[in-house]
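The shown structure was predicted, so the numbers you read here are calculated from the model rather than taken from an experiment. Remember, it's 1-based here, ligands and their atoms both numbered in the order they're listed.
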Amino acid sequence: MSDTVVYEIQDRIAWVSFNRPEKRNCMSPVLNRKMMRVLDELEYHDDVGVFVLTGEGTAWSAGMDLKEYFRETEKKGLGAVRKSQREAYGWFRRLRWYQKPTIAMVNGWCFGGGYAPLFGCDLAIASEDAKFGLSEINWGILPGGGASKVISELVPMRDAMYHAMTGEPIDAKTAEKWRLINEAVPAAQLKKRVTEIATMLLDKNPVALKATKDAIRRVREMTYDNAEDYLVRAQEASNSFDNDGRKEGIRQFIDEKTYKPGLGAYDRAKHEA
Ligand code: ACO
């Protein structure tokens, strides 16, 4: 299990990689269990401010492992199938509501079940040569494991329907146009661009960041009035929980006049010194 997911921490960024390049980083039950462990290890790690998910080799992830996740598990019966689903869906869900900001750095192939962690990450930046596909239809199942939900959430209905029904892969520029990802950049620029974004996030107030990313996901499914109410509560909760930083943010703008919130973040180092 030990090496199906690997990570290194540099300058408060955790670079986490699917690590089955010879199997195009498809997700086996073993990998799913390991990923949950890594998420556990890093979530409250003091040296980690941003979590980046990428893949070793030519793939980000070729989706679920057709042999180990489907065929071999199905042979063991329904109990085993449900257990494997719980393990996979468990870490996908964990990622969606992760404490730290998360970025998918999509370096290559991204198929089927890979759409769940893609959506689980707050932001997604891909290499221009990455390819995306809901290939389920090509081998005879519907896009489950969240994939149909992901494509319906992010992509207009006609494109989502075409994508899911034909199983035709799209390139990263099309994925960018459809808003399946934030940006497609040349392969040589991928790590630099992700580092730039991660560095920007590291400058922000971490309590406010977690509250903000949760709010954006939650309010999508609410009426305006429910969202307004939720945001009042969420703001009060994050203000009262370990977030004196916002007072410093106000002080540096109103009293000290050293920055403009419209143009950048307050200096956290001054507060924490
Ligand atoms: N499940 C199991 N094994 C896989 C998977 C997968 N999803 N993807 C790749 N592999 C294995 C191959 O069987 C092969 O194993 P082998 O070396 O033992 O023969 C190895 O990884 C390399 O794969 P190739 O096909 O040789 O790699 P190539 O670079 O030519 O192609 C590609 C890459 C396009 C990603 C291809 O491997 C592929 O189509 N994979 C399946 C993609 C897919 O449909 N995933 C399932 C989505 S549905 C879902 O997730 C629910």
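Trp15 is not connected to Trp91 by any chain of hydrophobic side-chain contacts under 4.5 Å among Ile, Leu, Val, Met, Phe, Trp and Tyr, and they are in different clusters. The hydrophobic cluster containing Val48 does not contain Val50, counting ILVMFWY residues as joined when their side-chain heavy atoms lie under 4.5 angstrom apart, directly or transitively.
For the pair Arg24 and ligand 1, the shortest N or O to N or O distance falls below 3.5 Å. At least one N/O-N/O distance between Gly113 and ligand 1 falls below 3.5 Å. Distances between N or O atoms of Lys67 and those of ligand 1 include no value under 3.5 Å. Between Glu136 and ligand 1, no pair of N/O atoms sits closer than 3.5 Å. Below 3.5 Å of separation, one finds an N or O of Met64 facing an N or O of ligand 1.
Near Ser135, meaning under 4.0 Å from any of its heavy atoms, are these atoms of ligand 1: 43 (C), 44 (O), 45 (N), 46 (C), 47 (C). The Gly63 neighbourhood of ligand 1 comprises atoms 50 (O), with distances under 4.0 Å to a heavy atom of that residue.
Taking a cutoff of 4.0 Å between a charged side-chain nitrogen and a carboxylate oxygen, Glu248 and Arg251 qualify as a salt bridge. In summary, Glu87 and Lys83 engage in a salt bridge, as defined by a charged side-chain N under 4.0 Å from a carboxylate O. Taking a cutoff of 4.0 Å between a charged side-chain nitrogen and a carboxylate oxygen, Lys100 and Glu43 do not qualify as a salt bridge.
Dense packing is recorded around NZ of Lys173, with more than 12 heavy atoms of other residues, nucleotides or ligands lying under 6.0 Å away. When the shell of 6.0 Å around CG of Asn138 is examined, it contains more than 12 heavy atoms from other residues, nucleotides or ligands. More than 12 heavy atoms of other shown residues, nucleotides or ligands fall within 6.0 angstrom of atom OH in Tyr259.
Given atom 12 (C) of ligand 1, the protein heavy atom at minimum distance is Lys23 CD, 4.9 Å. Regarding atom 22 (C) of ligand 1, its nearest protein heavy-atom neighbour is Glu22 O, 3.5 Å. Looking only at heavy atoms of the protein, atom 3 (N) of ligand 1 is closest to Cys26 SG, 3.7 Å. Atom 1 (N) of ligand 1 has as its closest protein heavy atom Leu66 N, 2.9 Å. Nearest protein heavy-atom contact of atom 33 (C) of ligand 1 is Trp109 NE1, 3.5 Å. Shortest contact from atom 35 (C) of ligand 1 to any protein heavy atom: Phe111 CE1, 3.6 Å.
Protein heavy atoms are found less than 4.0 angstrom from atom 47 (C) of ligand 1. When distances from atom 19 (O) of ligand 1 to the protein are checked, no heavy atom turns up under 4.0 Å. Atom 30 (O) of ligand 1 lies below 4.0 Å from none of the non-hydrogen atoms of the protein. For atom 6 (C) of ligand 1, a protein non-hydrogen atom is found at a distance below 4.0 Å. Inside a 4.0 Å radius of atom 39 (O) of ligand 1 there is not any protein heavy atom. The presence of a protein heavy atom under 4.0 Å from atom 25 (O) of ligand 1 is ruled out.
Annotation: cation-pi pair Arg246/Tyr266 absent, no NZ/CZ under 6.0 Å from the ring centroid and within 45° of its normal.
Side-chain N/O atoms of Asn226 and Thr223 include a donor and acceptor closer than 3.5 Å. Residues Asp129 and Ser127 bring a donor and an acceptor atom of their side chains to less than 3.5 Å of each other.
Residue contacts with ligand 1 include Asp65, since one of its heavy atoms falls under 4.0 Å from the ligand.
When atom types are taken as modelled, the side chain of Ser148 and the backbone of Pro143 share a donor-acceptor pair closer than 3.5 angstrom.
Looking at Met27 against ligand 1, nothing comes within 4.0 Å, counting heavy atoms. Looking at Tyr69 against ligand 1, nothing comes within 4.0 Å, counting heavy atoms. Residue contacts with ligand 1 for Phe70 involve side-chain atoms from C-beta outward but no N, CA, C or O (heavy atoms, distance under 4.0 Å). The backbone and the side chain of Ala62 each have at least one atom closer than 4.0 Å to an atom of ligand 1 (non-hydrogen atoms only).
Screening Arg20, Arg24, Lys23, Arg71 for a side-chain hydrogen bond (donor to acceptor under 3.5 Å, both in side chains) with Asp65, the sole residue that qualifies is Arg20.
Note: His163 and Trp178 have perpendicular aromatic rings, judged against thresholds of 30 and 60 degrees for the angle between ring planes.
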